[in-house]
Asker: 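Shown below is the structure under consideration.
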Amino acid sequence: MLEMLNDPNLRWILFGSILLGLGNGIVGTFSYLRKMSLMGDVLAHAALPGICIAFMLTGVKEVWLFLIGAAAAALAASACTNLISRHSRIKQDAAMGIVLSVFFAIGIVLMTRIQHSEYGNQSGLDKFLFGQAASMTMGDVYALGGTALAVSLVCGLLFKEFKLISFDPAFGRGLGYRTAALEYTLLALVTVVVVAGIQAVGVVLVAALLITPAVAARYWTDRLATMTVLAGAFGAASGAAGTWISSGVSQLPTGPISVLAATALFGLSALLGVRRGLLSKLLLRRRAKRLWMLERQSNGDAGIAAAKGGGSARSIAERGRIG
Amino acid sequence: MSGFWIILIGSLVASCCAILGCFLILRRMALIGDAISHAVLPGIAIAFLLSGSRDSLFMLLGAAVFGFAAVFLIQLLKRGGVQGDASLGVVFTALFAIGVVLISLNARNIDLDLDCVLFGEIAYAQWNTLALGGVELGPKAVWLLGFTLAVILLVVFLFYKQFKLISFDPALAAALGIPVALFHYVLMGLVSMASVSSFESVGAILVVGLLIIPPSAAYLLTDRLGVMLAISVAIGVVSAIAGYGAAAALDASIAGSMVCAAGLLFALAFLFSPKHGWLAHRLARHRAAA
């Protein structure tokens with residue numbers, strides 16, 4: 001790790017991955033609460049044809065162009081998903097599956113076209129499939145890191161509004177907020193972080209950076225602000241771990257390592273999480289049981305004691321379930 | 001001749017997926033297919049490492065184990081209070097990542113590259129032939145997929161009534177004493193089997209397209225399950241043929257073209273289905289207004 005920090009180039013790449021993880025984690029919190037986690041997966045797969053078309057049209061590998069192409073394709077994909085699920089009897093999940101696979105297939109067809117054509121060296125486009133943080137140039141890091149930072153700032157500024165539409169959109173509408181516009185903003189932010197994250201994690205797995213840190217953070221807290229910060233931190237840690245480990249071992253793509261790091265954090269959280277983790281649930285259950293036993297022993301009248309003790313033990317258990 | 005084998009393999013893949021996909025989309029589990037087709041990857045990689053060959057039986061077994069593991073883990077997370085789609089996302093990305101890491105780390109020992117994982121190598125599948133006692137019996141993939149299709153047809157034929165009832169009214173099915181959970185796992189097992197048999201030909205991700213798109217198109221064209229299964233298979237086979245033609249003309253990925261062809265057929269069904277299509281709805285509304 002220290003060696004890496006001495007290399008200025010790698011330092012920037014590490015910095016970029018951390019920012020990307022941060023942005024994904026923060027936006028992921030809201031998309032998790034809005035129950036649109038898998039939309040990130042759809043958007044990421046759908047970005048592939050956009051990247052290919054941007055390359056075919058211009059013939060240069062420029063990260064800004066790819067971002068624009070990918071974002072356009074992702075927007076088209078979310079429009080198609082809405083169109084299909086609203087104007088036919090196909091359900092939302094099937095519509096997402098259709099859009100994901102058709103867009104990805106178009107991307108694959110275009111990519112093989114590029115590989116077989118005079119562009120020759122396929123321009124490192126296949127790096128986009130699993131991500132290769134080490135192939136980022138300084139300019140890429142600036143662009144991607146800046147994007148991620150901007151997204152995090154927008155989330156900070158719109159925190160109150162996003163909180164409202166995450167928990168009670170109807171109430172928000174009643175208060176006079178334009179919830180539809182806010183929802184589109186959130187979708188746009190998801191698109192931006194996913195598209196930006198593709199360079200580091202790849203098309204196939206970038207959704208994990210959006211989903212897994214948020215789910216992991218949920219185990220530690222019931223407060224949205226804490227959860228957002230935690231998810232951002234988990235995302236940043238996964239991005240850093242992915243870049244660090246994959247830069248040391250040749251042939252290891254960055255994406256899967258980042259995803260596994262995020263999954264490890266998720267596993268730890270599921271076991272040890274203070275609010276909803278497995279261990280804290282077990283402890284709570286044991287405490288409730290002991291309390292119940294104690295109350296029953298200390299009270300002479302077995303019948304009343306059982307009723308009273310049962311009541312308080314149950315109230316503890318219920319608290320555990322809600323928390 | 002090579003065109004014939006590719007089309008035959010493509011059609012077999014499409015048929016396996018088209019049949020299972022009908023039950024998946026009726027039960028609103030379309031994305032479970034997506035999850036399973038990603039999650040079988042570590043199973044395939046481990047079977048490869050242990051057996052040292054592309055022995056299909058090992059791969060089937062390994063994939064089935066991981067397919068079940070994925071379904072089980074998703075259920076576990078859901079019961080632990082994680083939202084349904086998020087638990088799906090956590091599980092399948094993690095398993096897919098493990099598979100990719102296993103393959104990248106053992107790239108020298110595994111004759112399986114990551115491009116193949118993603119979009120298959122249907123053009124090469126035909127050269128890997130099965131020979132018994134010196135007699136050439138055709139590509140291995142054809143036998144494997146034929147076997148998978150036979151199992152799927154047998155199970156669906158034997159338990160058609162049960163699958164039908166569970167697809168439309170699982171509560172009633174449970175009340176009538178049908179073991180709903182068992183059939184759920186049977187369906188998931190078949191999906192794992194289909195994913196791994198198709199894996200070499202169309203890759204882990206495009207399997208999803210063939211699992212979801214033809215059944216969805218068929219769902220727009222009919223209201224009867226039996227007819228839906230038939231139309232779904234027909235659309236799958238037509239996409240395989242058209243996709244091969246398009247790929248040959250464009251010099252592009254065959255599996256990708258097949259899924260694109262399926263997408264095109266879905267778009268046609270979406271627009272022009274006589275009963276559930278977009279145009280029919282517009283016309284009906286127009287007539288009602290007039």
Side-chain angles (χ1 to χ4, degrees), chain A residues 32-33 35-41 45 83-84 87-98 100-113 116-117 126 129-130 204-205 207-208 210-212 214-216 218 249 251-253 255-260 262-263 266 270 276 278, chain B residues 24-25 28-31 33-34 38 77 80-90 93-94 96-101 104-105 107 114-115 118-119 203 205-206 208-213 215-216 219-220 246-247 250-253 255-260 262-263 266 270 273 276-278 281:
Chain A
Y32 173 72
L33 291 172
K35 300 189 172 66
M36 41 184 255
S37 295
L38 286 178
M39 207 55 209
D41 195 35
H45 283 76
L83 187 77
I84 292 173
H87 290 283
S88 75
R89 57 179 190 156
I90 304 283
K91 310 293 181 297
Q92 171 94 18
D93 65 330
M96 281 161 70
I98 292 169
L100 180 154
S101 47
V102 171
F103 272 71
F104 192 73
I106 296 174
I108 296 289
V109 167
L110 292 176
M111 204 148 98
T112 43
R113 285 282 296 156
H116 295 171
S117 69
D126 55 345
L129 291 174
F130 292 110
V204 185
L205 289 172
L210 199 69
I211 303 172
T212 310
V215 180
R218 187 70 187 89
V249 184
Q251 289 180 334
L252 262 192
I257 303 289
S258 304
V259 172
L260 288 180
T263 312
F266 161 78
R276 301 151 64 96
L278 208 58
Chain B
L24 286 181
I25 73 155
R28 301 186 186 192
M29 302 191 309
L31 290 174
D34 184 28
H38 282 74
L77 288 189
V82 180
Q83 279 164 22
D85 62 339
S87 53
L88 215 95
V90 171
T93 50
F96 192 74
I98 293 176
V100 174
V101 168
S104 330
L105 281 181
L114 282 173
D115 284 358
L118 281 180
F119 36 90
I205 293 173
L206 296 176
V208 188
L210 295 175
L211 267 175
I212 302 178
I213 302 170
S216 298
Y219 185 56
L220 291 176
L250 290 171
D251 184 24
S253 154
S257 307
M258 284 179 180
V259 174
C260 287
F266 172 80
F270 174 73
S273 158
H276 301 290
W278 183 77
H281 281 189

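Predicted model, so just to flag it, every value in this text is computed and none were measured. Just so it is clear: chains get the letters A, B, ... in the order the sequence lines come, proteins before strands, and each one is counted from 1.
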Asker: Less than 4.5 Å to any heavy atom of chain B: does that hold for the side chain of A:Phe266, its backbone, both, or neither?
Answerer: side chain
Asker: Quick one: what part of A:Lys35 sits under 4.5 Å from any heavy atom of chain B, side chain, backbone, both or neither?
Answerer: both
Asker: Against chain A, work out which of B:Gly81, B:Ser216, B:Pro215, B:Gly263 has the most heavy-atom pairs shorter than 4.5 Å and name it.
Answerer: B:Ser216
Asker: Can you tell me if B:Asp34 uses its side chain to pair, donor with acceptor, with the backbone of B:Val208 under 3.5 Å?
Answerer: no
Asker: Measuring from atom OG of B:Ser253 to atom CD1 of A:Ile106, what distance do you get when rounded to the nearest 0.5 angstrom?
Answerer: 12.0 Å
Asker: For A:Tyr32 versus B:Ala86, what's the shortest heavy-atom pair and its separation?
Answerer: CE1-CB, 3.3 Å
Asker: If you count heavy-atom pairs within less than 4.5 Å of chain B, which of A:Leu100, A:Val102, A:Ile211, A:Ile98 leads?
Answerer: A:Ile98
Asker: So which atom in B:Leu31 and which in B:Leu88 form the shortest heavy-atom distance, rounded to 0.1 Å?
Answerer: O-CD2, 3.5 Å
Asker: What heavy-atom pair brings B:Ile25 and B:Ala30 nearest, and what distance separates the two atoms?
Answerer: CG2-CB, 4.2 Å
Asker: Is chain B contacted by the side chain of A:Val215, its backbone, both, or neither, given a heavy-atom distance below 4.5 Å?
Answerer: side chain
Asker: Quick check: closest heavy atoms across A:Pro253 and A:Pro256, and the distance to 0.1 Å?
Answerer: O-CD, 3.6 Å
Asker: Identify which part of B:Asp85 has an atom lying under 4.5 Å from any heavy atom of chain A, answering side chain, backbone, both or neither.
Answerer: both
Asker: Among A:Ala94, A:Ala207, A:Ser258, which residue forms the greatest number of heavy-atom pairs with chain B at distances under 4.5 Å?
Answerer: A:Ala94
Asker: For the backbone of A:Ala208 and the side chain of B:Thr93, can you confirm whether one donor and one acceptor N or O come within less than 3.5 Å of each other?
Answerer: no
Asker: Against chain B, label A:Leu278 side chain, backbone, both or neither, depending on which of its atoms sit under 4.5 Å from a heavy atom there.
Answerer: neither
Asker: So for A:Thr263, is it side chain, backbone, both, or neither that comes closer than 4.5 Å to the heavy atoms of chain B?
Answerer: side chain
Asker: Which heavy atom in B:Ser87 sits nearest to a heavy atom in B:Gly84, and how many Å separate them?
Answerer: OG-O, 2.8 Å
Asker: For A:Asp41, is it the side chain, the backbone, both, or neither that has a heavy atom closer than 4.5 Å to a heavy atom of chain B?
Answerer: side chain
Asker: So for B:Met258, is it side chain, backbone, both, or neither that comes closer than 4.5 Å to the heavy atoms of chain A?
Answerer: neither
Asker: Which one, A:Arg89, A:Lys91, A:His87, leads in non-hydrogen pairs under 4.5 Å with chain B?
Answerer: A:Arg89
Asker: Would you mind checking which part of B:Tyr219 comes under 4.5 Å of any heavy atom in chain A, side chain (CB onward), backbone (N, CA, C, O), both or neither?
Answerer: both
Asker: Write down the atom of A:Ser88, the atom of B:Leu220, and the distance for their closest heavy-atom approach.
Answerer: CB-CD2, 3.9 Å
Asker: What part of B:Leu77 gets closer than 4.5 Å to chain A, counting heavy atoms only: side chain, backbone, both or neither?
Answerer: side chain
Asker: Look only at the side chain of A:Arg113 and the backbone of B:Asp251, and say whether a donor-acceptor pair between them is shorter than 3.5 Å.
Answerer: no
Asker: What part of A:Leu210 gets within 4.5 angstrom of chain B, counting heavy atoms only: side chain, backbone, both, or neither?
Answerer: neither
